[in-house]
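Let me begin by presenting the structure, written as structure tokens, before commenting on it.
Positions are given from 1, in the same order as the sequence printed here.
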Amino acid sequence: MAGAVARAAGKAWNKVLDRVEAVLPEKLQKIWVHPAGPKTVFFWAPTFKWGLVIAGIADIARPADKLSASQSTALAATGTIWSRYSLVIIPVNYNLFSVNVFVAATGYFQLARIYNHRKNLPKEV
């Protein structure tokens with residue numbers, strides 16, 4: 001039953017994609033049919049990942065003592081690793097590259113804030 005519903009939804013989605021493709025200007029056709037274009041998960045996954053960047057930017061307003069060093073380290077590391085990976089895979093995914101550069105940058109920025117905060121804490125005797 002679930003398989004039949006999924007197939008029907010897939011067919012309906014493909015009809016929507018075909019209609020969009022039919023009205024796209026010629027200049028956008030190349031992007032539309034690209035192996036990492038809007039018709040694929042390789043486009044949408046990095047697009048939604050921008051939410052992590054937005055959350056990291058929102059954390060700039062948070063006091064440094066409330067930031068998580070482990071979370072910021074994870075964001076910085078994964079952003080760095082996936083930035084490199086996105087340039088060596090085929091097809092090269094510049095959307096994935098750009099979002100991961102920003103994920104890494106927000107992670108490193110938060111780590112710098114945490115470091116500066118901890119460095120400036122008064123020393124206990």
Side-chain angles (χ1 to χ4, degrees):
M1 177 70 174
V5 171
R7 280 190 295 280
K11 286 182 182 179
W13 180 245
N14 286 334
K15 283 184 180 182
V16 169
L17 292 177
D18 291 342
R19 288 185 181 167
V20 169
E21 190 170 346
V23 297
L24 273 178
E26 190 175 325
K27 289 182 179 182
L28 295 178
Q29 288 289 333
K30 186 175 179 181
I31 295 169
W32 183 256
V33 298
H34 189 273
K39 292 171 69 171
T40 70
V41 70
F42 306 113
F43 173 82
W44 292 106
T47 299
F48 283 104
K49 195 172 183 178
W50 281 101
L52 291 175
V53 175
I54 293 167
I57 292 170
D59 279 348
I60 292 172
R62 182 180 285 191
D65 63 324
K66 302 291 185 197
L67 296 173
S68 167
S70 59
Q71 178 180 336
S72 297
T73 300
L75 289 172
T78 58
T80 301
I81 292 165
W82 282 98
S83 293
R84 172 68 180 126
Y85 175 75
S86 65
L87 296 176
V88 297
I89 59 173
I90 297 174
V92 172
N93 192 333
Y94 292 109
N95 189 14
L96 183 62
F97 173 73
S98 62
V99 73
N100 280 300
V101 165
F102 280 91
V103 167
T106 56
Y108 287 123
F109 181 77
Q110 299 299 14
L111 282 172
R113 289 184 59 216
I114 293 167
Y115 173 77
N116 285 331
H117 170 73
R118 291 181 181 173
K119 185 178 76 169
N120 294 327
L121 286 176
K123 301 279 187 213
E124 290 189 26
V125 180

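Between Ser83 and Phe97, the closest heavy-atom pair is O-CD1, 3.3 Å. For Gln29 against Glu21, the heavy-atom pair with the smallest separation is NE2-O, 2.9 Å. Taking every heavy atom of both residues into account, Ala76 and Ala104 meet most closely at O-CB, 3.8 Å. Across all non-hydrogen atoms, the minimal contact from Thr78 to Asn100 is O-OD1, 4.2 Å. Minimum heavy-atom separation, Asn95 to Ser98: O-OG, 3.0 Å.
Looking at Ser86 and Val92, their side chains never come closer than 4.5 Å, going by heavy atoms from C-beta outward. Contact check for Leu52 versus Lys49: side-chain heavy atoms found under the 4.5 Å cut-off. Within the 4.5 Å cutoff, the side chain of Tyr85 has heavy atoms near those of the Ile89 side chain.
By the rule that hydrophobic residues join a cluster once side-chain heavy atoms approach within less than 4.5 Å of another member, Val88 and Val101 end up as members of separate clusters. Follow the hydrophobic side-chain contacts under 4.5 Å out from Leu17 and you reach Val33 in the same cluster. A single hydrophobic cluster is not seen to contain both Tyr94 and Ile31; linkage of ILVMFWY side chains at heavy-atom distances under 4.5 Å, directly or through other members, places them apart.
Judged purely by atom type and a 3.5 angstrom limit, Ser72 has no side-chain atom pairing as donor or acceptor with the backbone of Gln110.
Centroid-to-centroid, the aromatic rings of Phe102 and Trp50 come within less than 6.0 Å.
Checked by atom type, the side-chain pair Thr80/Tyr108 shows a donor-acceptor distance below 3.5 Å.
Evaluation of the ring pair (Phe, Tyr, Trp, His ring centres under 6.0 Å) test over residues 14-44, restricted to residues two or more places apart or in two chains, returns none.
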Apply side-chain contact (heavy atoms from CB on, under 4.5 Å) to Trp82 and Val103, showing your working.
-> CA-CA 10 Å; Trp82 282 98; Val103 167; over 6 Å; no
Test side-chain contact (heavy atoms from CB on, under 4.5 Å) on Asn116 and Lys119 and set out the steps.
-> CA-CA 5 Å; Asn116 285 331; Lys119 185 178 76 169; 4.0 Å; yes
Please tabulate, for the side chains in residues 56-71, all donor-acceptor contacts under 3.5 angstrom to protein atoms that are two or more places apart in sequence or on a different chain.
residue: Ser68; atom: OG; partner: Ser70; partner atom: OG; Å: 3.2
residue: Ser68; atom: OG; partner: Gln71; partner atom: N; Å: 3.1

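Heavy-atom neighbours of Leu121 CG from other residues, nucleotides or ligands within 6.0 Å: above the threshold of 12.
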